Amino acid sequence: MQQTWIPFVPPSASTLSGSVDALYFYLSGITVFFSLMIGGVLTLFVIKYRRRSPFEIPRPIAGSHKLETLWSVIPFLIAMSIFAWGAQVYFQMYRPPQNAAEVYVVGKQWMWKIQHSTGQREINELHVPVGRKIKLIMTSEDTIHDFFVPAFRLKTDVLPGRYTTQWFEATTPGTYHLFCAEYCGMNHSGMIGSVIVMQPTEFDNWLSGNVSQQSPAVAGQQLYQSLGCVSCHGANGEGGRGPALAGLFGRQVFLANGQTLTADEGYVRESIENPSAKLVTGFGPIMPTFQGQVTPEQLIQIMSFIKSLQVTNSAAPAVPMPSPKAQIPASAEATRPNQQ
Ligand code: CUA
């Protein structure tokens with residue numbers, strides 16, 4: 001592991017770590033400045049205005065509007081600058097770019113299970129190429145974990161029954177610590193691993209050298225068949241009893257209750273486990289729940305499959321299309337907004 005010139009600051013190896021550090025140093029700078037200023041002025045005043053005789057009576061103070069305005073307005077402006085800067089960095093971190101490569105992460109007592117969209121699996125290791133955007137889609141099989149890579153300034157809770165996402169772009173090849181940053185039971189401190197950042201060609205070699213299991217999308221397609229989803233949810237609306245799945249991901253969907261949402265991982269999971277929660281306009285509450293029948297990893301596979309379905313009629317090659325019936329209008333698709 002590389003060291004940095006400032007003690008306790010981890011190496012900086014992602015495109016975001018610079019902006020996080022800058023904000024952090026700004027906050028530290030403000031804190032140091034005001035601590036010194038308050039401490040200094042306090043000491044000075046204690047000496048200067050000390051009581052010199054037991055009978056000394058201080059001059060009454062009437063107050064000063066000028067002073068009060070100053071000490072209200074200056075801290076307000078400083079606080080707002082922290083807010084604006086913090087919000088800007090936050091949005092940068094929490095809005096994954098569209099073109100990011102997706103990697104699935106499942107936390108489990110006490111290991112990190114990782115699968116690339118091409119099918120390669122890893123445990124407690126994540127290999128990524130330098131200079132490419134990577135989006136992590138994370139969930140947990142048991143309790144709350146937290147995926148923490150200090151060198152990338154990346155730290156996100158991994159929750160059972162929910163999907164959290166995080167993205168990064170590594171800038172420097174090397175091996176970096178991966179920690180679980182949420183106390184998750186006896187071996188929490190052992191739930192560690194490495195992120196290995198490689199040159200793109202080296203990474204492609206690594207990827208092709210690894211036995212590629214079935215890709216999550218292909219496994220998801222098999223589940224889609226074996227669980228019977230196909231009979232109601234044709235990719236383009238065949239079956240007619242459930243909304244079309246092709247092109248669903250990331251699209252706006254309209255719910256029977258009048259809400260409009262964006263189809264994301266959280267929405268799809270909820271629609272599988274609790275189908276009546278967010279009914280799409282035009283569809284009845286006829287779908288049975290699949291809660292407990294699909295594992296978190298299988299849910300990820302189903303989502304991968306749904307993501308792979310394209311809207312065009314000739315697309316969705318993997319899905320049998322009995323009859324290309326009328327497509328459900330985009331306005332008849334449901335989704336849920338909050339995935340966090
Ligand atoms: Cu997992 Cu701590």
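Keep in mind that what you see is a predicted model, and the values were worked out from it rather than measured. First listed ligand is number 1; within each ligand, the first listed atom is number 1. Note: hydrogens, waters and symmetry copies are ignored here, and every other heavy atom, side chains too, is used.
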Kindly assign one of parallel, tilted or perpendicular to the pair [X] and [Y], based on the angle between their ring planes and the thresholds 30° and 60°.
X: His127; Y: Trp206; value: parallel
X: His145; Y: Trp112; value: perpendicular
X: His188; Y: Tyr183; value: perpendicular

(Q) Test of geometry: compute the angle SD(Met191)-atom 1 (Cu) of ligand 1-ND1(His145) and round it to 10°. (A)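 My answer is 90°, to the nearest 10°.
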Q) Angle at atom 2 (Cu) of ligand 1 between SG of Cys180 and SG of Cys184, to 10°? A)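 Value, to the nearest 10 degrees: 120°.
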Q | Proximal heteroatom of Glu182 relative to atom 2 (Cu) of ligand 1 (N/O/S) | A |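 Looking at Glu182, the N, O or S atom with the least distance to atom 2 (Cu) of ligand 1 is O.
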Q.
Please evaluate residues Gln199 and Thr201 with respect to the criterion side chain to side chain donor-acceptor pair (under 3.5 Å), reporting the C-alpha separation (whole Å), side-chain torsions for both, the decisive distance (0.1 Å), and the verdict.
A. CA-CA 6 Å; Gln199 293 295 349; Thr201 47; over 6 Å; no
Q: Give a yes or no on whether His188 keeps an N, O or S atom under 2.8 Å from atom 1 (Cu) of ligand 1.
A: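 No.
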